[in-house]
K.L.:
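Mind having a look at this structure? Questions to follow.
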Amino acid sequence: MQIIEVLIEYASHTLDRPFSYLYKGQKKIAPGFRVLISFNHRELVGYVLSVKDSPLSPQQLEEEMGFHFDEIVDVIDESPLLNEDLLHLVNQVSEYYLAPRISVLQAMLPPSLSPRRSSLKAPKIAYDQYVIINNYNEDNLTDKQIEILRLIQREKKILKREIGSPSIIKKLLDNERIKIVLSEKRRLSLPTYTYEKPPLLTEEQQKVIAEFNQSKDEIYLLEGVTGSGKTEVYLSLSEEQLKRGKSVLMLVPEISLTPMMMEYFIRRFQNKVAILHSELTPAEKYDEYRKIARGECKVVIGARSAIFAPLENIGLIILDEEHVESYKQDSQPFYHAREVAIMRGKMHGAKVLLGSATPSLESRARASKGVYHLLTLRKRVNEQKLPKTTIINLTDYHNIDRESYIFSLTLRQKLASVLARHEQAILLINRRGFSTNVSCRNCGHVFRCPTCGIALTYHKSDNMLKCHHCDYVEKMPETCPECGSPYLMKTGFGTERIQEEVHRLFPQAKTLRLDSDSAKIRQKIPSIIEAFRRKEADILVGTQMIAKGHDFPDVTLVGIVLADIGLSMPSYRSSERAFQLITQAVGRSGRKDKVGEAIIQTYNPSHYAITYAARQDYEGFYVKEMGMRKLQSYPPYCYLASVTLSSKKEEQVITQAYNVVDFLNEQLGEAATVLGPTTPYIPRDHLSFLRTVLIKYRDYEKIQLTLKRLIDIYQKKASINLTINIDPYNF
Ligand SMILES: [Zn+2]
Ligand SMILES: [Zn+2]
């Protein structure tokens, strides 16, 4: 008999401890297996932490321990889900982010292998049927049958369904001349690209590559202006690692937005590449995950969670566009792929390379201090000129006239000339929908999401009001629910409205729209991008999705319709976000032999985020913004942790939030500054009221224990929920 310790699938701090069960069966069982258990009369999935043999009988054990042990219902797996390294990583991530271990395991494993009940219904292995020779003998066969037999002999192994004559195959099987073998099927079909020899590298690229390969440092920041050829550096460094017998983990923010990166890697490394990201089906993810675990792929490309890919012997981990916020998971365990990459890098003795045209301030500051090794690419490949940029002041009435209150005269003229030259333009507005605010003209009632409390956006295409935070939708009402007035006012504008304005002003122009509405259907993003690249449209309208690293050779104009949207968000990162977005967008204009232009429309023409972005001057922005952060004492001058309380009762959440502030002040003293409680920007979560307390600190070790105690105190309270987010982004 064996005593098994398991973690329960519920991701709560209360249950983040081992529960003991007995196992009397004959199946193999070891740490890292999933088992089916009964917990509080419910059948749940558990994750095995340890297995001990016990000489005692169940009765003796019960007498000795003083309580009854349940038996495990069944063993699910035949081999452990995680290798030693990944198990170690689970503990490290859980310890740093103060997250239940099971939540880390659930973030780490694909749906079919996740320690949760739903995984049991998730897709399992699929097989392909192949035919091979069993007993080569041409006696008593027809000529047709011999032809097929010889074909199989020649090819050794053929997919059964690819041989066009099922009756002949059946005959040969009946005669036992051939037999069927099963082979695991890869459900993800990757596009095939022919191998291309690496292009000649520029002097700057060669220098960066040599410096990286010769250095013994662990973490690098590659800062390279848009169009400076970072991708070629990634490919070359990866190739070097493969030559040394190592494997490579390549992270991108969202793979569907960067199909080119995948193409480049497949072109260079062919079938050594595996893909892991959130848009794969559970079946595809399962296959890719197992393929990596078996060691069949040496290069893994994927989004955030691919940082947990079961790759062994890693030599290099790359995070492209390291500043992008989607690398931070905004739910438990709230991990950031960059921090996990650094943890994994240490474990494997691998180098970590962070790349960006606009690095996050945290990374750039660490590079200044020598914590990261800074590498720079200052020149665009082929010495292309940076786009010519014009800032349009929207507060000046000369710029906006009756013809259009959305597009300035300059933007209209530039669009007209792009269309006349048969080139292409991109129009960016970082808001989807038609109008961003609907209110009653009579009583001032604002339509808000009943679940999370933020203003609803009007979508004209389906005449609906939608919440852009949760999935809430309602039909656009005819009258005000408060006073019955039919006069409803729509203000603000998003992508849908911009597209309509283009059609009104330039009826002959063909447009495409790329935002998360148009991209609801999987596969749609790459096809929109492809269609625009093939010049099936003149103008692409979209949100920040279009600012990512696409290469559109015929785009000679980028119009940022309203640059201020990011700036008005209540966050210490708002300038950084606005700068990054505008810089990336402007960088899309003018490639190859064409000089591009960019028009930035704004109500804050002298704001430094806008002026530096217009000049593509990252270093200038960095110095200025660091000054602001120092003044207000925000990262990178300190670290942040947030404590969020939620409860169905607003009164309770307010009282408890003040208790948390008192507790933290008392315990932390000089080690931290405690701010709040405040109502977050999204004030509610599924009808629960939220309050947040922010902690600014310099030394994590000095606050970690106190935070753990806070978790302990609150896990005993049933009606209130407490979550901690280390290095939160939304402040
Ligand atoms: Zn009203
Ligand atoms: Zn909502």
Side-chain angles (χ1 to χ4, degrees), residues 11 254 278 325-326 328-332 334 429-497 515-521 542-545 565-566 568-571 573-574 577 642-654 657 676-692 720-723 725 728-731:
E254 276 162 276
S278 59
E325 296 186 9
S326 62
K328 167 90 176 167
Q329 177 158 310
D330 60 2
S331 59
Q332 196 82 268
F334 295 107
I429 177 127
N430 207 11
R431 247 177 352 204
R432 62 201 160 91
F434 192 82
S435 312
T436 46
N437 222 310
V438 182
S439 58
C440 171
R441 245 180 235 275
N442 184 42
C443 73
H445 171 77
V446 177
F447 289 80
R448 287 180 184 281
C449 171
T451 318
C452 46
I454 61 170
L456 294 171
T457 298
Y458 173 60
H459 287 241
K460 194 176 181 183
S461 58
D462 48 9
N463 200 34
M464 298 286 247
L465 289 176
K466 300 185 185 181
C467 173
H468 283 184
H469 178 66
C470 66
D471 284 337
Y472 179 82
V473 285
E474 67 177 53
K475 275 190 245 137
M476 173 71 196
E478 305 269 319
T479 56
C480 171
E482 293 293 317
C483 71
S485 159
Y487 300 107
L488 302 178
M489 188 163 62
K490 303 184 189 105
T491 47
F493 48 87
T495 44
E496 241 186 280
R497 178 83 177 80
D515 55 26
S516 43
D517 286 323
S518 56
K520 264 222 167 100
I521 308 159
T543 57
Q544 85 272 5
M545 284 184 157
I565 293 169
S568 58
M569 292 289 280
S571 165
R573 308 182 75 91
S574 59
R577 282 180 189 143
S642 72
V643 180
T644 301
L645 291 144
S646 74
S647 166
K648 297 263 185 264
K649 295 186 203 115
E650 191 164 25
E651 240 180 73
Q652 186 189 29
V653 83
I654 295 170
T678 52
T679 309
Y681 178 67
I682 310 288
R684 288 201 297 272
D685 174 31
H686 292 95
L687 307 173
S688 282
F689 294 92
L690 304 179
R691 286 295 183 278
T692 306
I720 190 147
N721 193 31
L722 176 138
T723 42
N725 187 345
Y729 266 30
N730 292 318
F731 286 93

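Every number for a ligand or one of its atoms is a count from 1 in the order of the listing. Here the structure is a predicted model, which is why all the values come from computation and not from measurement.
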K.L.:
Closer than 2.8 Å to the Zn ion (ligand 2), do we get an N, O or S atom from His469, backbone or side chain?
P.N.:
no
K.L.:
Would you mind reporting whether Leu456 and Glu474 have side-chain heavy atoms less than 4.5 Å apart?
P.N.:
yes
K.L.:
Please confirm if an N, O or S atom belonging to His445, backbone or side chain, lies less than 2.8 Å from the Zn ion (ligand 1).
P.N.:
no
K.L.:
Of the non-hydrogen atoms in Ala657 and Leu645, which two are nearest, and what is the gap between them?
P.N.:
CA-CD1, 3.4 Å
K.L.:
Quick check for you: with the Zn ion (ligand 1) as the vertex, what angle do SG of Cys480 and SG of Cys440 span, to 10°?
P.N.:
110°
K.L.:
With distance as the sole test, does Asn725 use its side chain to make a donor-acceptor pair with the main-chain N or O of Ser642 at under 3.5 Å?
P.N.:
no
K.L.:
With respect to the Zn ion (ligand 2), please indicate if Cys467 possesses an N, O or S atom at a distance under 2.8 Å.
P.N.:
yes
K.L.:
Can you spot which of Glu650, Glu651, Gln652 makes a side chain to side chain contact (heavy atoms under 4.5 Å, CB included) with Ile654?
P.N.:
Glu650
